[in-house]
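To find a chain, count down the sequence lines: A is the first, B the second, and so on, and within it residues start at 1. Keep in mind that this is a model prediction, so the values were computed, not measured.
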Amino acid sequence: MEREVRVRFAPSPTGPLHIGGVRTALYNYLLARKLGGTMILRIEDTDQNRFVPGAEDYIRESLEWAGIELDESPWKGGPYAPYRQSERKPMYMQYALQLVESGHAYYAFDTAEELEEMRERLKAAKVATPQYNAITRATMKNSLTLPEDEVKKRLASGEAYVIRLKVPRKEEIRLKDMIRGWVMVHSSSIDDKVLMKSDGMPTYHLANIVDDHLMKITHVIRGEEWLPSAPLHVLLYRFLGWEDTMPEFAHLPLLLKPDGNGKLSKRDGDKFGFPVFPLEWTDPITGDKSMGYREKGFMPEAFVNFLAFLGWNPGTQQELFTMQELIEAFTVERIGKSGTKFDWQKARWFNEQYLRAKPDEELAQYLLKALEERNISCSLEKATKISGLMKERVTLPSDFWNEAVYFFEAPTTYSEKVASKKWNSQAVAVFTAFKDELGGLTEYNAESIKELLNTILERNAMKIGQVMQALRLAVTGLEAGPDLMQIIEIIGAAETKTRIEHAIEKLAPYAAA
RNA sequence: GGUCCGUUCGUCUAGGGGUUAGGACUUCAGAUUUUCAUUCUGGCAACAGGGGUUCGAUUCCCCUACGGACUACCA
């Protein structure tokens, strides 16, 4: 009984998709592609109260950016459309009614106050888990306790009601999870979950089973937070008569906070100083901004590679994977069982690796963009050269500008440390000759510049190590950076001359000392 | 509280009845370099605890501890 593999990612549009969600989507995608199956996205918007404008677009854009392709989705359509549960609303009631008719569900008329009262009562009676279940339902207002004609009357009068699942009192429910193996839960620990809400919408529990069945889903990969309700879902498949085509389940370990307490949440981004969302998000109500990996300058390939390794590994020493390689290497069996703490350092490391693998000319685009924003003109050739010099020392694309400002702007301040240690009259003598002769070079490049410097040093009976730091100081104002001769080549003879002259003037007190 | 899930270096993890318990990130030291970074070499660093089973347990079983999730007419 080999069915065509169909997996789905089913987020609800209640806010920005967080990286845990992206990882879930990624694993679904990897499995689908690995097995030649279909990747489906379904929007779970059965809670109208929690709808957040823009969230759906955010989900689409995030997945697109990450390179997770959808074969069927609300935006693309597909053979099982619609792919928004709100648009599928008319489909659910019949299944709920089917369950009522077969005796596996019932109508309940209890008000919110009555439910609250019941819970309070049970709590007072020291019941461990106050819930609407096989025992307590006998004391509530539902079609199990009310006379039949009373129920009909209430229904006919349009009174608000919900449909609840009639969970068996004593039954061992077994569930096979691809990651955890057999999980056993007793039905007495599950309450009579609401299937249809009083607003006519199904709850997640009903909707996801109905849709997964109708959409012929074969594998459900979702977060571990769903594990406790998975037995309930098994029950639903059974009562609906769909047990033989029930999908396989895989519950992913959670993404945890770096300090090891609880799952990674929205607020952690600000707290720890790294993004927890793929894209920047502005809360439509509060206007609060949350940073995103894309805006931070992460490359989608690095982001995906890093995410894939949060809870999964190929079992080899290889760490850098393209999406295609991930697809080939991915297996559910190699997903870990335990929660994974988020490691920002490692995330940065992945981005560095990807950055360094890029050709200089491509990296130059980041620099060019930063320059454009500041109205500084620069040729592609020059930007490419600078990028090549900088690539070993950047983590994020923004570093290209941050670390290379001195290529475009003369220093206004000088490192005090180097000035006091290395700036002296002998060095100044060398630089004075150096800057004057620089313009006379027939061939102007890093090599000839170095040659010139060496010649002058020889004349003064000095060694290169005695002046390099000071020269760097004069040209860049800094104490560290890439090869200085290359910098001087890129900056040009005239500009270098000006900078040295300026430095000699400004640093005169040090030379005198 | 109850139910369920989990626990190998600080972090991500490999491994699996007998191993010097391996790698990566971080960190430290050395080498190279005009500096810093890179690179290279090397170092520190782990099987939560207690019982079993076994000739032998980090690995299998149980208990404890700790961590986490869930416990809504939210997903």
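Partners of Phe298(A) by ring-ring contact (aromatic ring centres under 6.0 Å, His included), not counting sequence neighbours, listed by chain and number: Tyr293(A), Trp344(A). Scanning for ring-ring contact (aromatic ring centres under 6.0 Å, His included) contacts around Trp401(A) gives an empty result, with sequence neighbours left out. When the salt bridge (Lys or Arg N to Asp or Glu O under 4.0 Å) test is applied to Glu447(A), no partner is found at least two apart in sequence or on another chain. By the ring-ring contact (aromatic ring centres under 6.0 Å, His included) test, His219(A) pairs with no residue at all, sequence neighbours left out. Applying the ring-ring contact (aromatic ring centres under 6.0 Å, His included) rule to Phe239(A) yields the partners His104(A); only residues at least two apart in sequence or on another chain are considered.
Distance from the side chain of Glu224(A) is smallest to G68(B) among U39(B), G68(B), C4(B).
Going from the C1' atom of A69(B) to that of G43(B) covers 39 Å, rounded to whole Å. Between U19(B) and C47(B), the two C1' atoms lie 13 Å apart (nearest whole Å). Between U26(B) and U38(B), the distance separating the two P atoms is 8 Å to the nearest Å.
The list of side chain to side chain donor-acceptor pair (under 3.5 Å) pairs with a residue in residues 449-473 of chain A, not counting sequence neighbours, reads Glu437(A)-Arg459(A). The side chain to side chain donor-acceptor pair (under 3.5 Å) pairs that include a residue from residues 172-186 of chain A are Asp177(A)-His251(A), where partners are two or more places apart or lie in different chains. Among residues at least two apart or in separate chains, salt bridge (Lys or Arg N to Asp or Glu O under 4.0 Å) pairs with a member in residues 40-58 of chain A are Arg42(A)-Glu44(A), Arg42(A)-Asp211(A), Arg42(A)-Asp212(A), Asp47(A)-Arg50(A), Glu56(A)-Arg84(A), Asp57(A)-Arg60(A).
In this structure, Asn313(A) does not reach the U13(B) phosphate: none of its side-chain N or O atoms is under 4.0 Å from OP1 or OP2.
Less than 4.0 Å separates RNA chain B from at least one heavy atom of each of the following residues of residues 329-341 of chain A: Arg334(A), Lys337(A), Ser338(A), Thr340(A), Lys341(A).
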Which donor-acceptor pairs under 3.5 Å do side chains of residues 303-315 of chain A form with protein atoms, sequence neighbours excluded?
| residue | atom | partner | partner atom | Å |
| --- | --- | --- | --- | --- |
| Asn305(A) | OD1 | Phe321(A) | N | 2.7 |
| Asn305(A) | OD1 | Tyr354(A) | OH | 2.5 |
| Asn305(A) | ND2 | Glu319(A) | O | 3.0 |
| Trp312(A) | NE1 | Thr331(A) | O | 3.4 |
| Asn313(A) | OD1 | Gly315(A) | N | 2.7 |

Between the protein and nucleotides 19-23 of chain B, are there any N/O to N/O pairs under 3.5 Å, and if so, what are the atom names and distances?
| residue | atom | partner | partner atom | Å |
| --- | --- | --- | --- | --- |
| G23(B) | O4' | Gln317(A) | NE2 | 3.4 |

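Contact check on Lys266(A) versus Asp268(A) returns no salt bridge, with no Lys/Arg side-chain nitrogen under 4.0 Å from an Asp/Glu carboxylate oxygen.
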Contact pattern, 5' to 3', of nucleotides 70-75 of chain B - B, S or - by protein heavy atom under 4.0 Å: S--BBB

